[in-house]
Amino acid sequence: MSVTRSSRTPGLADRELFRGSTPAVARRLLGAWLVHDEAGERIAGRIVEVEAYLSRADPASHSHGGPTARNASMFLAPGHAYVYRIYGMHHCFNVVTGRKGIGEAVLIRALEPLEGLETMVSRRGRARARELCSGPAKLVQALGIGPRHDGLDLVGGALRIELAAEPIGDVTIRAGPRVGISKAVDLHLRFAIAGDPWLSRP
DNA sequence: GGAATGATGTACT
DNA sequence: GTACATCATTCCG
């Protein structure tokens with residue numbers, strides 16, 4: 001199976017990447033790679049779409065009501081994973097961002113599939129590349145992410161973020177309302193690489 | 001204890 | 001484009 005592949009060599013992200021303003025971190029994550037090393041195989045994709053979820057003041061954020069058993073991982077230090085179950089049957093993957101203890105995170109919504117394509121296809125049960133990682137629950141399934149990754153440290157782990165050599169330019173980023181929420185629809189906290197063919201929706 | 005709801009995906013019309 | 005699967009968490013009484 002042939003795929004487009006970036007010639008740039010990704011580099012490991014350190015914890016600083018995840019600190020600071022969560023919308024700024026969300027923008028910075030576009031173009032970075034999400035990588036999962038498992039059983040000697042490398043499954044990876046390039047992040048093309050994300051959403052920022054802020055602290056208690058953000059009514060659409062899971063941390064809105066304060067810490068609970070479910071959202072506990074959101075209050076860990078930046079760079080940890082927050083994995084939760086949605087609609088009783090899917091899981092979504094977030095990276096904790098901002099500052100420890102405030103409950104902010106970036107939801108990864110879509111990837112351009114780059115490595116481990118065969119494994120992704122077998123996990124997803126469909127061969128069309130466009131359907132492998134074009135949605136938060138799809139990419140979680142394709143990369144083999146699950147509830148066991150909730151709360152894990154992404155810095156230096158088997159599941160991690162790797163930075164592209166050059167960040168993408170701000171002009172290529174589009175912002176818009178977050179998907180699937182009913183509150184704070186006026187906030188434009190969904191960020192995507194403009195015109196990218198791998199988005200969950202245009 | 002009970003009911004509503006959800007950061008979705010898939011199948012089908 | 002619309003319907004529906006499916007269940008933990010949350011909120012209300």
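Chain letters run A, B, ... following the sequence lines, proteins first, then strands; residues in each count from 1.
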query = Which is true for A:R126 with a 4.0 Å heavy-atom rule: it touches a base, it touches only sugar-phosphate, or it touches nothing?
reply = sugar-phosphate
request  = Return yes if some donor-acceptor pair links the side-chain N/O of A:R70 with the main-chain N/O of A:T68 below 3.5 Å, else return no.
outcome  = no
inquiry  = Counting the atoms with a prime plus P, OP1 and OP2 as sugar-phosphate, which does A:L107 contact under 4.0 Å by heavy atoms, base, sugar-phosphate, or nothing?
reply    = base
inquiry  = Can you tell whether the side chains of A:K138 and A:E131 come within less than 4.0 Å, N to carboxylate O?
reply    = no
query = If two hydrophobic side chains count as joined below 4.5 Å and joins carry through other members, does A:I145 share a cluster with A:L76?
reply = no
request  = Report the base-pairing partner of C:dT6 (Watson-Crick or G-U wobble, both distances below 3.5 angstrom), or none.
outcome  = none
task = Have a look at A:R70 and say if it touches a base, only the backbone sugar-phosphate, or nothing, with a 4.0 Å heavy-atom cut-off.
result = sugar-phosphate
ask   = Considering residues, nucleotides and ligands other than A:R99, do more than 12 of their heavy atoms fall under 6.0 Å from its CZ?
value = no
request  = Provide the start and end nucleotides, 5' to 3', of the part of DNA chain B that has atoms under 4.0 Å from heavy atoms of chain A.
outcome  = B:dG6 to B:dA11
key: Salt bridge flag under 4.0 Å for residues A:R123 and A:E38   = yes
remark   = With A:W33 as partner, the option from A:I47, A:I161, A:L111, A:L114 fulfilling side chain to side chain contact (heavy atoms under 4.5 Å, CB included) is A:L114
message = Could you tell me the boundaries of the chain A footprint on DNA chain C, defined by atoms under 4.0 Å from its heavy atoms?
response = C:dA5 to C:dT10
query = Transitively linked via ILVMFWY side-chain contacts under 4.5 Å: A:M120 with A:L34?
reply = yes
message = Categorize A:R201 for me: base, sugar-phosphate, or nothing, with a 4.0 angstrom heavy-atom threshold over every strand shown.
response = nothing
inquiry  = Applying side-chain hydrogen bond (donor to acceptor under 3.5 Å, both in side chains), can you list everything that pairs with A:E41, at least two apart in sequence or on another chain?
reply    = A:T119
inquiry  = I'd like to know whether the aromatic ring centres of A:H149 and A:F93 sit less than 6.0 Å apart in this structure.
reply    = no
note = Any strand, both distances under 3.5 Å, Watson-Crick or G-U wobble: C:dC12 pairs with B:dG1
request  = Please tell me which of A:Q141 and A:S63 maps to the more 5' nucleotide of DNA chain B, matching each residue to the nucleotide holding its nearest heavy atom.
outcome  = A:S63
task = Select base, sugar-phosphate, or nothing to describe what A:A60 touches, counting heavy atoms under 4.0 Å on all strands.
result = base
